[in-house]
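This report refers to the structure that appears directly beneath it.
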Amino acid sequence: MRNVTSTSRNAEKFLPKLLDRLGKAKAKAVAHIKPGDDQEVVLSRFKKIEDELQRMEDLKLLPRVTLWEHTLFSQFTVLERLVDKLFLGDDESNPFNSLEAITDQIKASISLVQLPSYPERSLEFTHRSQPESSLTAVKKLSKELSQKGLEKGIYESRAMANLRRSYEHLEGTELRLCFLSFSIFPEESVIKKRPLIYWWIGEGFITATQDKTAEEVGEEIFGKLMKQGLIQPHGNVNLSTSCTLHPWIRCMLIGLARDALLFHFDSDWPWMPSCQVSLCRRACLVFDQNQTSPGEEDLFTVFNVNSNYLSFKREWLSKLKKVVVLQLGRWQSSPMHHIEVDDEGLFLKGIGAQHYLSFKYLSLRGISGITRIPSCIFNIISLEILDLRACHNLETLPSDISSLRKLTHLDISECYLLEGMPKGIGKLSSLQVLKGFLIANLINTPSRLGDLAKLKKLRRLSIYIGNEAVMHDNEFETLKEISSLRRLKISWAVVSPESRGKIAHQSLDFSFPPDLEKLDLQGIPLKEVPPWLNPRQLTNIKKLYIRGGELCSLDHAGEETVTDCKWRVEILRLKYLSNMKIELTEVEVQFPHLLYLEKVKCHEIEKDKYEKNIFWSKSQGQKLSNC
């Protein structure tokens, strides 16, 4: 057997060698043509094979192959054997069959090196200072591929046909539609799971079932695509909330989505979608493209793929009479991706009565420059998802949100300039997810924690205790009344030393619903472990995250009734706890069900020097105390 590895090390020498051997095989084949065979046909087929191989060499495609090197040279090894077989006369079958097999193998090899694993590989569609130069480079390469006739070959190749079969084997329309949605993302993008699922819900690709919410259905689909290898987890597999897409799969999806008229892909830049809507009802905002186009009145979705600067006139929104999804904000995993508007978000006032019955999903996530949300947004009675996360300039919300009775998701987390909560949150009877509930002074927070007990479908809640927080007596004890709650995050603002004692005292009396599964504490101002942070009260917790703050230990010193009870936690993340010294032997004892531990920058030994970071997984087989 030939050594594939040694062959792959001499990629540029391989093709001339193969062409030479093919020439000798042709001479022998012609010399032994049997009576009745057509010499012209044989010669034309050899010529076709030689042309294809010569084309591969002339285009210098082999040096571009990196990720697919092993697969490519495995195919070349098969090709070499076929040529040898023909040359040595070992093939007892018709030589025409050998020629057909060789031709097919060459096409498969060429399609492999032609697949566009590189059009945007040098680009970062995030926070480049000069995106225009990158855009020009991609368009130039795209034009080059088209002129060389490679694009058609890519989509008609055997390799692409095999990938299409993986798509065809997916069960159900909703799974296929969700998978096709990945076609619009630039190559090598890290795609955040949550905005993706929100988009699927808004589009109607997924809906709630009798047993599951729409978001749970989305989680299941995301998991299926991950399990089948159609998308890859980004970062830690145990905690991954983002994914990436293999370039080949992305290429296949572009062809399928284009054929299905799901999106329009730019003729000058065929690897990216566009805002042109002549044949489809979804527009994508991309670098340097006009953000308006004919047919806007029929648009169903507007999705910001990688436009960093949004400049809209108010009239633009008023034209989108049938729009259901307006995803203008960030979908990227990196918080460094920057988007800004030029009018403080005044274009949002273009939303009018024509949108009130159809609009389902609005995302302004991560957009800078928006200082206030106009009251018309809170009049969209059909709205199901409102994502305002990380709008860092946002100061004011409309005073009353009670009209949004269909709202299932409200995210106003990381809006650190926000002054307070609107009234009426307790009337949002469909609400399942509420992130960024702000506890401020009594004047700016007419909605209090007690109002949330009325929300019988609320499953996920994050609370931000501001630096001016004033809490009613025993206010946090009302948390236990939210019986549907499964995930809870509590964050404390950085406060002055004068206020720290008051906030810390107010943080002692917490109670939690019995079926809580995840607790995330960020910036906890207490040094000693509070009485509520114990396994006897948190009996069903599977995930416990503690990040930042003053906490020194998780031990309840002298409280035997607590220390004798063991945690049922499976995932434990402890980060940026400079006061906390963690004994791994104690962790093993107190957390016997632990599957994963993450310890980062804990116990500051001296300035900016911490104990060793630990990333431990039980699946690796190593005992925790040996880390």
Side-chain angles (χ1 to χ4, degrees), residues 198 202 299 302 304 310-329 339-431 433-448 451-452 454-455 464 466:
Y198 287 173
L299 269 179
V302 178
N304 183 4
L310 303 178
S311 179
F312 298 118
K313 294 181 179 180
R314 194 180 304 184
E315 296 78 22
W316 173 75
L317 264 181
S318 63
K319 294 178 183 178
L320 306 181
K321 298 177 181 179
K322 299 177 183 178
V323 72
V324 174
V325 170
L326 200 58
Q327 162 74 48
L328 301 179
I339 306 173
E340 64 177 283
V341 294
D342 63 352
D343 64 351
E344 297 185 348
L346 292 177
F347 73 90
L348 292 170
K349 291 187 175 182
I351 291 178
Q354 70 272 26
H355 301 109
Y356 291 168
L357 298 178
S358 60
F359 214 148
K360 287 176 125 182
Y361 171 39
L362 172 62
S363 170
L364 305 175
R365 175 184 289 231
I367 298 181
S368 298
I370 297 177
T371 58
R372 61 176 59 241
I373 298 298
S375 58
C376 60
I377 299 296
F378 282 11
N379 290 329
I380 308 173
I381 59 176
S382 58
L383 198 63
E384 295 181 13
I385 302 174
L386 178 58
D387 189 353
L388 305 176
R389 184 186 182 101
C391 289
H392 296 306
N393 301 109
L394 184 60
E395 300 175 6
T396 308
L397 296 173
S399 60
D400 193 335
I401 197 174
S402 59
S403 296
L404 303 183
R405 299 297 177 92
K406 291 188 176 181
L407 200 67
T408 59
H409 295 70
L410 174 61
D411 192 344
I412 45 179
S413 58
E414 299 180 35
C415 297
Y416 298 117
L417 296 183
L418 202 59
E419 298 170 350
M421 291 288 96
K423 65 182 180 180
I425 290 181
K427 296 180 180 179
L428 305 180
S429 56
S430 299
L431 204 61
V433 175
L434 173 56
K435 296 183 178 181
F437 185 87
L438 173 64
I439 296 181
N441 57 52
L442 297 177
I443 297 174
N444 290 328
T445 312
S447 292
R448 307 298 298 190
D451 298 324
L452 304 186
K454 305 171 187 175
L455 304 177
Y464 181 66

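Below, all heavy atoms of this structure are taken into account, side chains as well, without hydrogens, waters or symmetry copies.
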Donor-acceptor pair between Glu384 and Tyr361 side chains, under 3.5 angstrom: no
Which value, rounded to the nearest 0.5 Å, describes the distance between [X] atom [atom1] and [Y] atom [atom2]?
X      : Y      : atom1 : atom2 : answer
Leu362 : Leu364 : CG    : CG    : 4.5 Å
Leu431 : Leu404 : CG    : CG    : 10.0 Å
Asn393 : Leu418 : CG    : CG    : 12.0 Å
Leu388 : Leu397 : CG    : CG    : 7.0 Å
Asp342 : Ser311 : CG    : OG    : 4.0 Å
Leu417 : Cys391 : CG    : SG    : 11.0 Å

Check: Ser363 main-chain N/O paired with Asp387 side-chain donor or acceptor under 3.5 Å: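 Here the side-chain-to-backbone pair does not exist.
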Could you list the donor-acceptor pairs under 3.5 angstrom formed by side chains in residues 369-380, with sequence neighbours left out?
none

Whether Tyr416 and His392 hold their rings parallel, tilted or perpendicular, with breakpoints at 30° and 60°: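 Rings of Tyr416 and His392: parallel, under 30°.
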Pairing residues for Asp411 by the salt bridge (Lys or Arg N to Asp or Glu O under 4.0 Å) criterion, not counting sequence neighbours: Arg365, Arg389
Nearest heavy atoms of Leu386 and Leu407, plus distance in Å: N-CD1, 4.0 Å
Verdict with reasoning, Ile412 to Met421, per side chain to side chain contact (heavy atoms under 4.5 Å, CB included): CA-CA 10 Å; Ile412 45 179; Met421 291 288 96; 3.2 Å; yes
